[in-house]
Amino acid sequence: MKRSGSSRLESVDFHAIGISSDSENNPFRITQRQLDQAAEILKLDPSIHELLRWPLRELHVTLPVKMDDGTVKIFHGFRVQYNDARGPTKGGIRFHLEETIDDVRALAAWMTWKCALVDIPLGGGKGGIICDPRSMSQGELERLSRAYIRQVGRIIGLEQDVPAPDVNTNAQIMAWMIDELAFMRGVNEFGAITGKPLALGGSAGRDDATGRGVSLVVREAAKLLNLDLKGARMVVQGYGNVGSHSAVLLAEMGCKLIGAADESGAYYNPEGINARDLQQYVRKNNGLMKGFPGLGKSIAPEALFEIPCEVLVPAALQNQITKLNAPRIQAKILAEGANGPTTPDADPILYERGIYVIPDFLCNAGGVTVSYFEMVQNAYNFYWDLETIHHSLELKMVAAFHSVDEMAKKFKVHNRLAAYLVAVNRVAEAMKLRGWA
Ligand code: GLU
């Protein structure tokens, strides 16, 4: 029976299938609504559409971890394999106190679109553990990481599902995880996890790959808009791996960082903040910018998005730009370093206001692109130099950027919808060829 996307939504008992919240801002419902729009324009086969609205598989795990004080604490985690029509599922593992299964589902869906958009032969997945990593010692983090792999390892593998770093996880955590997996399997299956340290089969250029990708697509957007990045004002929300590397690399292209924020505060300095010095400081200050000399004046967190600037990079968590603050954004380019920073009701407002949005799964695709290069290098057991990585990344990002821009112009739609059109089409083609619908 052919039905429209919205009537399908009504037909599902969300509670029965474990969707935790039906609210407007539930990121999983957001991904479904975004897909529905694309499906309508693409006139997607109804069964392909319905299949793409759901994760194919998910694993919920409960993890006992010995804490430093001798007690055993129980943690909860997830791994979602959203769609593997184009290849093994791929995506990071987040450590976050407010993690939910619906966040992980949404992020796994976005990984599916992201890998398709940069045209790498991988599907989409994501993992998460509900925890507060800042309050844990290195030993506790190691035991938690290993406990996660002892449960999730059974569905991880270079031809199955390949994790990587994400919010609050890093190369050291990937090292513990690949080590645990190696003991479980009795083999060093390095390609089963990416974002590893260089000494353990990591790739040159993986660390700043997401930020480098952000800077490359901002450069392309600036060219289109005839905007000179020399002296362009930039505002960055979040100064972790993505935010800090984006800021540093855009500063190298001439941008001036005039606003920055993280969970410790928001700051405005029209004279310019030294992006690299701030990055060094944050690394030594438990990941937080508070206390860095030169941050300028402290402002309300919501005022950050209202600072007049050329380039705005939200690189923190989801649902930051909504219909409430979108009318007040003063940027020319909105480069979504984070996953899901903009809610769907903000998209038409940004589009009408002529703000050039580089949607998340295009803008931040540099990380997974170099993860894919890492898998290729692990498979060959031969490693590329930094120049080769940078060049190959640039080719992928520039091609993806222009495929989205062309699609947006062809269908007269905003860039996010255009990115969906490109990506969903590719995943649907693979599903059809495999006989899934
Ligand atoms: N966590 C990154 C992302 O959201 C990278 C994923 C990967 O390398 O697999 O794209």
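Each ligand, and each atom within it, is numbered from 1 in the order the structure gives. All residue numbers refer to positions in the sequence shown, counting from 1.
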Engineer: Under a 4.5 Å cut-off applied to non-hydrogen side-chain atoms, are Gln330 and Leu312 in contact?
Structural biologist: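 Not touching, per the 4.5 Å side-chain cut-off.
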Engineer: Judged on heavy-atom distance to atom 2 (C) of ligand 1, which of Thr169, Asp166, Thr194 sits nearest?
Structural biologist: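 Heavy atom nearest to atom 2 (C) of ligand 1 belongs to Asp166.
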Engineer: Over 60° means perpendicular and under 30° means parallel, so classify the ring planes of Trp54 and Phe28, tilted if in between.
Structural biologist: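 If you compare the ring of Phe28 with that of Trp54, the planes turn out tilted.
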Engineer: Should the ring pair Trp384 and Phe373 be called parallel, tilted or perpendicular, given that the plane angle runs from 0 to 90° and is split at 30 and 60?
Structural biologist: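 Aromatic pair Trp384/Phe373 classed tilted.
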Engineer: Identify the closest protein heavy atom to atom 7 (C) of ligand 1: which residue and atom is it, and at what distance?
Structural biologist: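 Protein heavy atom at minimum distance: Ala164 CB, 3.3 Å.
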Engineer: Check for me whether Gly195 has a heavy atom closer than 4.0 Å to any atom of ligand 1.
Structural biologist: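 No; Gly195 lies far enough from ligand 1 that no heavy-atom distance drops under 4.0 Å.
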Engineer: May I ask you to list the atoms of ligand 1 that are less than 4.0 angstrom from any heavy atom of Asn339?
Structural biologist: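 Contacts of ligand 1 toward Asn339, numbered from 1: 4 (O).
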Engineer: Which ligand 1 atoms does Met111 reach within 4.0 Å, using its non-hydrogen atoms?
Structural biologist: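 Contacts of ligand 1 toward Met111, numbered from 1: 3 (C), 4 (O), 6 (C), 10 (O).
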Engineer: Check Lys126 against ligand 1 and report side chain, backbone, both or neither, counting heavy atoms closer than 4.0 Å.
Structural biologist: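 Lys126 to ligand 1: side-chain contact only, backbone stays beyond 4.0 Å.
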Engineer: Heavy-atom contacts under 4.0 Å between Arg206 and ligand 1: side chain, backbone, both, or neither?
Structural biologist: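 Within the 4.0 Å criterion, Arg206 contacts ligand 1 through side-chain atoms alone.
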Engineer: Short N/O distance, under 3.5 Å, between Ser371 and ligand 1?
Structural biologist: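 N/O-N/O distance under 3.5 Å: yes.
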Engineer: Within the 4.0 Å heavy-atom shell around Lys90, which atoms of ligand 1 are there?
Structural biologist: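 Counting atoms of ligand 1 from 1, those under 4.0 Å from Lys90 are 7 (C), 8 (O), 9 (O).
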Engineer: Could you tell me whether Pro165 approaches ligand 1 through its side chain, its backbone, both or neither, with non-hydrogen atoms closer than 4.0 Å?
Structural biologist: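 For Pro165, the contact with ligand 1 is made by the backbone alone.
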Engineer: Do other residues, nucleotides or ligands put more than 12 heavy atoms under 6.0 Å from the CD atom of Gln160?
Structural biologist: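 It does: Gln160 CD has more than 12 such atoms within range.
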Engineer: Decide yes or no for Pro64 and Ile74: does some side-chain heavy atom of the first lie under 4.5 Å from some side-chain heavy atom of the second?
Structural biologist: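 In short, these two side chains touch, coming nearer than 4.5 Å.
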Engineer: Given side chains that start at C-beta, do those of Pro27 and Leu107 come closer than 4.5 Å, heavy atoms only?
Structural biologist: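 A side-chain contact under 4.5 Å is absent here.
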Engineer: From the options Leu334, Val311, Leu225, select the one residue that forms a side-chain contact (heavy atoms from CB on, under 4.5 Å) with Tyr356.
Structural biologist: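 The residue from Leu334, Val311, Leu225 that satisfies side-chain contact (heavy atoms from CB on, under 4.5 Å) with Tyr356 turns out to be Leu225.
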Engineer: Which of the atoms of ligand 1 are close to Lys114, meaning less than 4.0 Å from one of its heavy atoms?
Structural biologist: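 With Lys114 as reference, the close atoms of ligand 1 come out as 3 (C), 4 (O), 10 (O).
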Engineer: If we count only N and O atoms by modelled type, under 3.5 Å, do the side chains of Arg94 and Thr169 hold a donor and an acceptor together?
Structural biologist: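 Side chains of Arg94 and Thr169: no pair found under 3.5 Å.
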Engineer: May I ask you to list the atoms of ligand 1 that are less than 4.0 angstrom from any heavy atom of Val368?
Structural biologist: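 With Val368 as reference, the close atoms of ligand 1 come out as 7 (C), 8 (O), 9 (O).
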Engineer: For ligand 1, which atoms sit closer than 4.0 Å to a heavy atom of Gly91?
Structural biologist: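 Matching atoms, with element in brackets: 9 (O).
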Engineer: Step by step, would you call Gln279 with Ser244 a side-chain hydrogen bond (donor to acceptor under 3.5 Å, both in side chains)?
Structural biologist: CA-CA 6 Å; Gln279 184 182 49; Ser244 68; 3.1 Å; yes
